[in-house]
2 protein chains.
Amino acid sequence: MAQKDTARSILDAAEELFSERGFAETSLRNITTKADVNLAAVNYHFGSKKSLIQAVFARFLNPFVAELDKVLSRYERELEGRPADLMMLLRLLSDTALSSAADKPQRLNIFMRLLGLAYSQGQGHLRRFLRLEYGHVFLRYSDLLTQSTPELSDEDRFWRVHFMLGATMFTLNGVDSLTAMAEHDLGKPAVTADVINHLLPFLASGLQSSIRG
Amino acid sequence: MAQKDTARSILDAAEELFSERGFAETSLRNITTKADVNLAAVNYHFGSKKSLIQAVFARFLNPFVAELDKVLSRYERELEGRPADLMMLLRLLSDTALSSAADKPQRLNIFMRLLGLAYSQGQGHLRRFLRLEYGHVFLRYSDLLTQSTPELSDEDRFWRVHFMLGATMFTLNGVDSLTAMAEHDLGKPAVTADVINHLLPFLASGLQSSIRG
DNA sequence: TGGCGTTTTAAACGTATGTTTGAAACACTT
DNA sequence: AAGTGTTTCAAACATACGTTTAAAACGCCA
């Protein structure tokens with residue numbers, strides 16, 4: 001019990017602090033103080049700060065990616081060779097993400113902030129770790145996206161998929177500030193699921209745009 | 001001459017290093033070494049590291065915002081009361097951005113990376129500085145956007161404008177990696193202007209989406 | 001209960017950071 | 001050329017960091 005509790009406390013504290021202040025700006029002393037464990041515990045249980053960062057991601061992504069893998073397999077079976085439907089693909093992904101943090105909705109927001117940080121702070125080791133560990137699922141999803149948009153040129157699809165990724169990352173990365181702004185500007189509270197309900201039509205329309213520049 | 005040269009060298013070096021490694025990860029010693037000036041020069045000329053960061057943004061944003069202000073005034077005059085056109089508004093913004101770094105295209109990419117960092121790294125002081133200093137121009141642009149999309153509900157427009165911002169920030173933030181990937185995947189080199197030509201139709205279609213979730 | 005591997009602890013290590021200092025070098029007016 | 005305000009410089013300062021250490025405390029099986 002001792003080992004699990006200490007390691008878990010550290011992961012909990014690190015997850016929250018990293019998402020609030022970034023990786024470089026969060027010290028091991030911040031983390032161990034919040035977790036109420038000894039400073040040396042991080043190096044004892046995780047080896048280094050870098051490994052701790054990776055462990056934070058792995059704890060969230062391992063179950064998520066496993067579940068997404070299952071969901072995609074089930075959907076491919078249902079399709080029986082027919083091409084995938086775009087809105088359905090987007091729904092599969094967002095539902096999987098939402099349900100992977102269903103017990104504590106705040107955790108999805110926290111994790112999306114971490115993912116955003118991973119791509120904006122240096123953390124080259126993190127990007128390498130993520131691609132190595134989870135790259136295959138995203139390649140698989142990308143193939144299904146291609147099936148669902150046969151009318152697009154490879155070039156248009158390439159760019160627009162990255163635009164979708166950007167809108168999604170940016171939005172979910174700052175979903176807490178955005179929902180707060182929404183409540184202030186529109187007088188209407190919103191949760192992550194509401195934001196996603198607005199987001200998906202935007203993404204689908206953008207991907208399938210027929211406006212010529 | 002001495003003062004200007006030293007301060008300029010520092011700003012040049014800081015701009016580049018910050019965009020490559022982030023703010024916390026770039027030390028004053030990194031900067032002053034690259035700029036080939038004495039370590040104490042930063043504190044002498046700028047007062048502190050925070051003020052240096054703000055100065056880097058001000059150097060780029062002051063001329064950009066001044067130019068955008070002029071461009072918007074000219075466009076409003078041309079409209080003579082008619083509602084603004086969406087694609088035209090997007091073009092005005094992107095053209096102004098592109099031309100504000102026309103002499104050295106790489107500077108726009110560098111600056112967009114900095115802007116992304118400003119919103120993902122802690123740097124609360126920076127966000128406050130940016131809103132205080134340049135908020136009025138973005139409010140003005142936002143009003144024109146509203147004119148150009150009268151068919152949208154305030155709620156849809158609110159969310160979709162932020163999705164657009166996200167797609168844009170993410171894309172231009174990583175435009176160097178993206179163009180490299182594009183060349184690898186599509187066998188077709190691309191520059192920032194090409195990326196924007198793909199981006200604008202995506203944004204316009206997303207904003208005007210009529211897909212129901 | 002005694003012994004042993006695991007975990008926790010307080011303290012220290014070496015290094016890097018932002019900032020300050022006071023003297024030296026410089027530019028420019030009188 | 002002397003004097004004055006500005007800028008540069010090498011050095012030091014205080015602080016914070018990630019990591020290591022060696023002893024103490026703990027958990028558990030014999």
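All values derive from a computational prediction rather than experimental measurement. Any value given below was found using the heavy atoms of this structure, including those in side chains, with hydrogens, waters and symmetry copies removed. Residue numbering restarts at 1 for every chain, and letters A, B, ... go by the order of the sequence lines.
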Subject >> B/His45 vs D/dT8: side-chain N/O to OP1/OP2 distance below 4.0 Å >> reply: yes

Subject >> Nearest-Å distance for atom pair CD1/C1', residues B/Ile53 and C/dT17 >> reply: 14 Å

**OP:** List in chain and number order the residues that pass ring-ring contact (aromatic ring centres under 6.0 Å, His included) with A/Tyr141, two or more places apart in sequence or in another chain; answer none if no residue qualifies.
**Re:** none

**OP:** Find the distance A/Leu17:CG to D/dG18:C1' and express it as a whole number of Å.
**Re:** 16 Å

Subject >> Distance (rounded to the nearest 0.5 Å) between A/Phe163 CZ and B/Leu203 CG >> reply: 7.5 Å

List the atom pairs, donor and acceptor, that lie under 3.5 Å between side-chain atoms in residues 172-182 of chain A and the rest of the protein, sequence neighbours left out.
unit_1, atom_1, unit_2, atom_2, d
A/Asp176, OD1, A/Asn109, ND2, 3.0
A/Asp176, OD2, A/Gln106, NE2, 3.1
A/Thr179, OG1, A/Val175, O, 2.9
A/Thr179, OG1, A/Asp176, O, 3.1

Show me the side-chain donor-acceptor pairs of residues 12-19 of chain A shorter than 3.5 Å, one per line, residues at least two apart or across chains.
unit_1, atom_1, unit_2, atom_2, d
A/Asp12, OD1, A/Arg59, NH1, 3.0
A/Asp12, OD1, A/Arg59, NH2, 2.9
A/Glu15, OE1, A/Arg59, NH2, 3.3
A/Glu15, OE1, A/Arg107, NH2, 3.1
A/Glu15, OE2, A/Arg107, NE, 3.0
A/Glu16, OE2, A/Lys34, NZ, 3.3
A/Ser19, OG, A/Glu16, O, 3.0

Original post:
With B/Phe129, which residues qualify under ring-ring contact (aromatic ring centres under 6.0 Å, His included), at least two apart?
Top reply: none

Original post:
With sequence neighbours excluded, what pairs up with A/Phe46 under the ring-ring contact (aromatic ring centres under 6.0 Å, His included) test?
Top reply: none

**OP:** Using a 4.0 Å cut-off on protein heavy atoms (strictly under), produce a 5'-to-3' string for nucleotides 18-25 of chain C with B for base contact, S for backbone-only sugar-phosphate contact, and - for none.
**Re:** BBBB----

**OP:** Check the distance between D/dT19's C1' and A/Ile31's CD1 and give it to me in whole angstrom.
**Re:** 14 Å

